[in-house]
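Written below as structure tokens is the structure these notes are about.
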Amino acid sequence: MEATKKYFTFSIYVAVVFIILIFGFRVEASDKENCLMCHKYRFIGRIDANGKKINYNVDEHMYSKSVHRNVSCRDCHTNIKKLPHDPVTEEVNCANQCHIKPPFAEENFSHKKIIDSYNQSVHGIKSEDAPELKKAKPDCKFCHLNPIYTRVDESRIAYEETLARCKNCHQKEGATQAYKHITHRLRHKTSRSPQEIVLLCSKCHQDAELMKTLNVKDAGLTAVETYKHSIHGKAVALGSQVAADCISCHASNALHDIYKKDHGSATVNKDNLKITCKQCHEKTNDRFVEIAVHSRIDRNEKPLLFFAGFGLKLALFATVFGLMSLLSLETHARKKNGMKWQIKRGSTWRGKSKR
Amino acid sequence: MTTVSEASAIKAGDTSIAEDDYFTYVEGVGNIPRDIYRHVESNPLGDLPRYSIHIIIQHFFVFTTFIVLAATGMALHFSDLFWAPYLISFFGGADTARLIHRIAAATMVFGGVYHLITIIGGPLLKIHKGEFDYRRTQIPRIQDVHDLVNDIKYFLGLRDYRPRMEKFMYKQKLHYLAILWGNTVLISAGSSLLFPEITARIYSEAVGFLPESLVKIFSETVANLWPLPAFFQDFARLMHVDEAIMALIVVAFWHLSNVHLVPGRFPLQWTFLTGRITREHQIEEHFLEYIRNLNEIPEEKEYMRKLLEEKGFANKVKVSVEDLPRPN
Amino acid sequence: MPEKPERTDHPIFVYLIGFGVIMMILAVLAGVLFHFTLSPHALEIIAPVKAKLISVEHSAILEEARKHEKSEIHRHFHNIIEFPKLSENKRPVCFICHSDYPHSKTKKVRSLLNMHTQYFVCETCHIKEDEDTKKDTKVVYTWYNPYDDNPKGPFFGTSYDAETGKLVEVEDKLSKIAPYFKKDGDLSSAIQVQDAPLAKDYMKVRDTLTPEQRDGIKMKFHVNVKPKGHECNICHSEDGIFDYGKLGFSKNRTADLKQLNVKGLITKYDDFYLPNLFK
């Protein structure tokens, strides 16, 4: 009897160990269908009918470090039904539900919520948009490049800010609890650095030709340039982690709610500016928000400043050339009068005057 | 304060004497030829007092903070040029560099306040003692313009000798005024950039002090041209940068060249370290101050008397200094 | 002479401070000169002079291609990792005309075929053995690295990571399997690189040749090359031409390669029976 009981307990231990071994350490769960068998090779690809080089490689090492590492291929690529699959013509829909259930959630995960908010924003495709505008507007994956977790110092992670972002997609209940228990989120980040954000937005907004075809107003056309001339832009260009990048001002914590200035929901709308600026400028006030952020000193817009700037430049050149002429004249005359360049001696009137 | 008589001799600092007088007679010394500086011996570390210890310390404050401010500021402003990131990483990144810029600025302001105390307190003390002479200060005079014109005439070969100048000649006064102006602009514009929230309010509240009718005119007619506070912020951005560039270029090409590079000053003028000026330099560019030194410093008087005796200038005689034997 | 001053020479220390001063002046001077000439803020007056001195040739085709390569990152979604590239002169001569993705004819497998370019050079698959010399000249395969006469490996794709099951990441990503002619124990390379005399000469005169002349030269280039490559089972079978073990492949990797690792696929989907596609 005793022996049987002992044997029984032992079997349970063994079973538990086996269960842990089998389910606890499965790493390749995302590629159940072995898509990587072909797609793991770097040079799998071709030149397409338009002469464009298309690569189909999915780097297995990188993918397993990305946020989507637990999502199996066909959760997104839903139109692939057989192997070998036909040429893929349909785009992936990020609003699909995948087979991942977030902690504390009843339903499978989907990006639908944020996509709905994105579609409302200036970047969302509207039915009344001109065809070239529809084509130019970025889809999800234009910006979201399956980000890789990069390790950062724990102190560098702003909990409140990150948590606010979590709630863009995850339900409110349990998000904090889950977040604080998931250590990889405490020490890793996937968000872009300010520099990368500027680079990303500039890809379209600095493309003057593209912007012109979309009938963008003058201020929009020069937005990147004026930003780079501002102290925000300069600090970010030099690697600042705290200075404002594009989305610091143009979006709220939801990040996707970018609107034109005259839209009531825009963070850069006159009525909302105080809240937006307050994120960094704590003492913001009614008059402070009148200061131009994307400032441009244009001859027609700000003639007074334009000519002041011109005058200052003129004064600079006049001063420098005036003083340098005086210096050269003086040196020439003193040398002529017998002054010598001497390295060692303190007394230097060694030459004979030629005057 | 002085001791001189005779027709062609001068009272120290008296500008009424003829500009072209070759000899200056000083009681108890002799006839000092204008170009005696060609014959004196000098210690490069300085023979005669020029700056007090306070001025030396203030200059230290100014030039060390200036280098830091220029390096961080220029790198931040010209962020798109290749050298900027290197300089910024030397200062430990953009955010640190901005902090360093502010600390250096505060230190420079401190140096400025220190200077203000000395230049107000020093003269007050001297007035009390009855020793104050405004000609020995940086206060601009009409005479400085004459000196500038005469000096240029000398450079062009139209005059035989440089004008007799005071402790601070036109170059130094020009530079000093430029620093005063530049510091005022840089500090006010810089604070405007550092505390935009406060300045935005100050500018608009300043308008509030105006009578209501004026405010109306202001807001209606001028606002388009002069919108507050956006205008002032843009103006501050413009002025801060422009004034800084001007300062850097003037300091590097004019000031540093003038004091350390030109013949006679090369390879280094020690004045900013020792507070003393060489005899040769003092006589050449600050002749009137030298005459004052003669009366104030007995050793110097003795030196010059012996030198003149040796050269035969103890009594008034018309001899060209060119004919005299020079030191080796 | 009256008493001399204590010293008439500068202390040695002067050179240190003086040097600092001069360096500061030079630094500002260099900055100003750079600013007005080469920097983006240069004076507009010198723009034409600059354009003359630094002439950049603009090619619409090249710009389009570059633009596409950049936008491909945004289309691709999955991270594209940087892969080391051979310098121009070290690349096999084939790439001049056939590009990095040479296969395009057989739609269903072109991507799979292009995938093989990571492992071996063109001639490995497309080699044509001379009928006359076949008897005493054998073709052997070994790893070839243009920068290294005797590459030691480990080479990419030769073994699995025991823990993750992924291919082991390696340093040497440039080595490829290449054919050599073996005659009387001597090895001679069967491939031509871009800085081979013949290739260099061809690149020089390419634009001046008539179409007929060009065809003639092309024949010369392709003397050891057959247009249709080996079929799969030439390598992917138990008695293939590769000695996987000798080439450094691990045991389980060798097994996978020999069975083509697609055994299940082939049995499930009849139309993916690869050898048929080549007939």
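Worth saying up front: this structure is predicted, and the values here are computed from it rather than measured. Chain identifiers are assigned alphabetically (A, B, ...) following the order of the sequence lines, protein sequences preceding nucleic acid strands; residue numbering begins at 1 within each chain.
At a threshold of 4.5 Å between non-hydrogen side-chain atoms, the residues B:Pro44 and C:Asp9 do not count as touching. The shortest side-chain heavy-atom distance between C:Val14 and B:Trp270 falls under the 4.5 Å cut-off. At least one side-chain heavy atom of C:Ile17 sits less than 4.5 Å from a side-chain heavy atom of B:Phe272.
To the nearest 0.5 Å, the span separating NE2 on B:His260 from CE on C:Met24 amounts to 8.0 Å. Here the CD1 atom belonging to C:Ile25 is positioned 8.5 Å from the CZ atom belonging to B:Phe253, to the nearest 0.5 angstrom.
Heavy-atom neighbours of C:Tyr15 OH from other residues, nucleotides or ligands within 6.0 Å: above the threshold of 12. Around CZ of B:Phe235, the count of heavy atoms belonging to other residues, nucleotides or ligands within 6.0 Å does not exceed 12. Counting heavy atoms of neighbouring residues, nucleotides and ligands inside a 6.0 Å radius, atom CD of C:Glu64 does not exceed 12 of them. Atom CZ of C:Phe83 has more than 12 neighbouring heavy atoms from other residues, nucleotides or ligands inside a 6.0 Å radius. Under a cut-off of 6.0 angstrom, the local environment of CG in C:Leu53 is crowded, with over 12 non-hydrogen atoms contributed by other residues, nucleotides or ligands. Summarising the local packing, NZ of C:Lys50 is surrounded by more than 12 heavy atoms from other residues, nucleotides or ligands at distances under 6.0 Å. Residue C:Glu63 qualifies as enclosed at atom CD: its count of foreign heavy atoms under 6.0 Å is above 12.
Along residues 60-86 of chain B, the residues that come nearer than 4.5 angstrom to chain C, judged on non-hydrogen atoms, are B:Ile67, B:Phe78, B:Asp80, B:Leu81, B:Phe82, B:Trp83 in order of number.
Remark: B:His286 pairs with no residue by the side chain to side chain donor-acceptor pair (under 3.5 Å) rule, at least two apart or across chains. Annotation: side chain to side chain donor-acceptor pair (under 3.5 Å) contacts of B:Tyr51 (sequence neighbours excluded): none. Every residue two or more places apart in sequence or in another chain that forms a salt bridge (charged side-chain N to carboxylate O under 4.0 Å, His left out) with C:Arg75 is listed here: C:Glu72.
Of the atoms belonging to C:Phe19, not a single heavy atom falls under 4.5 Å from chain B. Neither the backbone nor the side chain of C:Leu26 has a heavy atom closer than 4.5 Å to any heavy atom of chain B. Contacts between C:Val28 and chain B at a heavy-atom distance below 4.5 Å involve backbone atoms as well as side-chain atoms.
Chain C forms more heavy-atom pairs under 4.5 Å with one residue of B:Leu273, B:Leu256, B:Ile245, B:Leu261 than with any other, namely B:Leu256.
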